[in-house]
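First up is the structure itself, then whatever we jot down about it.
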Amino acid sequence: MRVRIVVTALAFAGLAAAQSTRRQASLVVIGGTVITENARHDILSPGAIAISGTDIVDIDRPEVIAGRYRASETIDARDQIVLPGLINTHTHAPMVMYRGLADDLSLMKWLQEYIFPAEAKTVSPEMVRIGTRLAALEMIESGTTTYADMYYFEEEIARATREAGLRGVLGQTIIQFPVADARTPAESLARAERFITAFKGDSLIVPAVAPHAMYTNDEATLKAAAALARRHDVPLIIHLAETEDEVKTSREQHRTTPASYLESIGFWGPKTLAAHGVWVSDDEIQILKQRGVGVSHNPESNMKLASGTAPVTKYLAAGVALGLGTDGAASNNDLDMFEAMRQASFLAKHAMHDPTVVPAATALDLATIGGARALGMEKAIGSLEPGKRADLITVSMRAPRQTPLYDPISHIVYVTRGDDVRTTIVNGKVLMRNRQIRTLDRAAVIAAANQLAPRVRDAVKH
Ligand SMILES: [Zn+2]
């Protein structure tokens, strides 16, 4: 257990003097319990946050913030918990269109008989746009403020993400076989390069290169993808050692396991993100640590597809930058990061026969500052601190299942659901207030997805 400091008394000398010269803030979130996720793990109860433009400028007690700032907009967060926006380190946003299309199958059967054929027939710029808007709506409503994506037509995903106001690390997929947005790996590499050039430097979008996996790309393509990412200094994202099948294929083709194979071809480096990392040896965990690789743990997807149990406690002990992900909605089947936190904790306890591993506080770290580290963005997001971007959420604590409230972190991880989120703020902009979405037309987004659904269903009829 780590020490948690509950700040109850801070110095507020000079309060009266400050009141006469109150500074202008664009937004103040006041009242409620503020879980900062800063290095000291401070919790202010009650607390308040002042935001100016895109950044957090101050965090203190409510009366101190009220004395220091005049705000254009004030959000009353009493009876709520305020925490950093959740960071989903692995998903495929448009795959919400395949939600519930094919369940209860092995990964390879699911991929090869359902998902790849459905994608071959239905992935288009329009489908990607409609799917991303639906995913963005779901993420905003369930408290996710940043997500890492791997898909096709990533420029459409980037535009829809930016319009919704979310932050995204978005990887254009590179894959060996013909897909909707490229006939060859060379074409997808060229597409990725155009995508990077178009979005580099955007305030919300970090463009990335996403070779699908080591078993769906040959060595030349994997090396070219890594070189492209390094040339532009952008993240490189890959699925890693998700199933035993992948390990078997790797052994047959390369006489070694996936993480070691990728090390042998010089793939790993800083700004690489590996999704899953279920089947890795102790030595490979050390390689990932030494190379500064971020790892995305996806407990729900791994359980649903019976892929295996990622060695979370070993990653944590080794100091690997570990984040949490939902994976695509076709294998989860939602994008609710509260559930991901809960399942990360439960799965580790169950697998290790040890109820003390991955306690609630660790699960929350994984979904916030841990995810930020895995994405190499810990200087900008992942905790509530002055100088960081204002990415935060407020969560109601009034439900019967949240009553009584002794420990805010326990409630966030063990009983809270995405639906409990009241306010979602990204880059200082309020995307949802009192569950009213400001950046998307909720009814239109859902209607468009429903209109597209019959075409998706027809595509997988055998
Ligand atoms: Zn995935």
Side-chain angles (χ1 to χ4, degrees), residues 87-103 105-112 114-116 118-119 123 128 131-132 135 138-139 144 146-154 157 168-177 179-180 188 208-217 222 225 235-247 249 258-259 262 272-280 293-310 322-337 339-340 343-344 371 374-375:
I87 297 173
N88 185 348
T89 53
H90 182 63
T91 192
H92 314 279
M95 291 187 82
V96 288
M97 286 308 306
Y98 304 132
R99 190 193 326 261
L101 188 65
D103 298 307
L105 298 164
S106 73
L107 176 83
M108 289 306 168
K109 193 177 169 74
W110 174 78
L111 264 183
Q112 282 160 10
Y114 292 87
I115 298 304
F116 286 154
E119 287 183 333
V123 172
V128 161
T132 303
E138 185 181 350
M139 287 191 272
T144 292
T146 295
Y147 77 106
D149 193 77
M150 305 168 75
Y151 214 58
Y152 308 101
F153 298 109
E154 205 67 34
I157 296 175
V169 177
L170 308 178
Q172 167 63 37
T173 290
I174 313 292
I175 203 157
Q176 206 69 32
F177 54 82
V179 286
S188 50
V209 184
H212 175 269
M214 55 76 63
Y215 63 93
T216 47
N217 283 294
L222 290 166
L236 179 65
I237 313 176
I238 192 165
H239 289 103
L240 172 71
E242 182 175 357
T243 63
E244 274 187 296
D245 266 358
E246 180 179 336
V247 175
T249 303
L262 289 166
T272 46
L273 176 68
H276 300 299
V278 171
W279 298 93
V280 290
V293 177
V295 174
S296 172
H297 173 42
N298 294 258
E300 296 168 82
S301 173
N302 294 161
M303 283 193 279
K304 183 162 184 263
L305 294 166
S307 301
T309 308
L322 188 68
L324 267 188
T326 58
D327 208 347
S331 62
N332 179 310
N333 291 359
D334 62 34
L335 305 178
D336 187 339
M337 284 292 292
E339 195 185 351
Q343 298 308 328
L375 298 178

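Bear in mind that the values here come from a model prediction, so they are computed numbers and not experimental data. Atoms within each ligand, like the ligands themselves, are counted from 1 in listed order.
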- [ ] Examine all N, O or S atoms of Glu242, backbone included, and report whether one is under 2.8 Å from the Zn ion (ligand 1).
- [x]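 Glu242 does not place any N, O or S atom closer than 2.8 Å to the Zn ion (ligand 1).
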Open item on the list: Under 2.8 Å from the Zn ion (ligand 1), is there any N, O or S atom belonging to His90?
Closed with: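 Of the N, O and S atoms in His90, at least one lies under 2.8 Å from the Zn ion (ligand 1), which means yes.
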Open item on the list: Between Glu154 and Leu170 (side chain of the first, backbone of the second, donor and acceptor by atom type, cut-off under 3.5 Å), is there such a pair?
Closed with: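 The answer is no, because no donor-acceptor pair under 3.5 Å joins these two groups.
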- [ ] Please note down the angle at the Zn ion (ligand 1) between OD1 of Asp327 and NE2 of His92, to the nearest 10°.
- [x] 90°
Open item on the list: Just verifying a value: how many Å separate Asn217 CG and Phe177 CZ, rounded to the nearest 0.5 Å?
Closed with: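 Taking CG in Asn217 and CZ in Phe177, the distance rounds to 9.0 Å.
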TODO: Measure from the Zn ion (ligand 1) to every N/O/S atom of His239 and report the name of the nearest one.
DONE: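 Looking only at N, O and S atoms of His239, the one nearest the Zn ion (ligand 1) is named NE2.
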Task: Residue pair Tyr215 / Glu242, side-chain donor-acceptor N/O under 3.5 Å - done: no
Open item on the list: We want to know whether Asn302 and His276 form a side-chain donor-acceptor pair, criterion being a heavy-atom distance below 3.5 angstrom.
Closed with: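 Result is yes, a qualifying pair exists.
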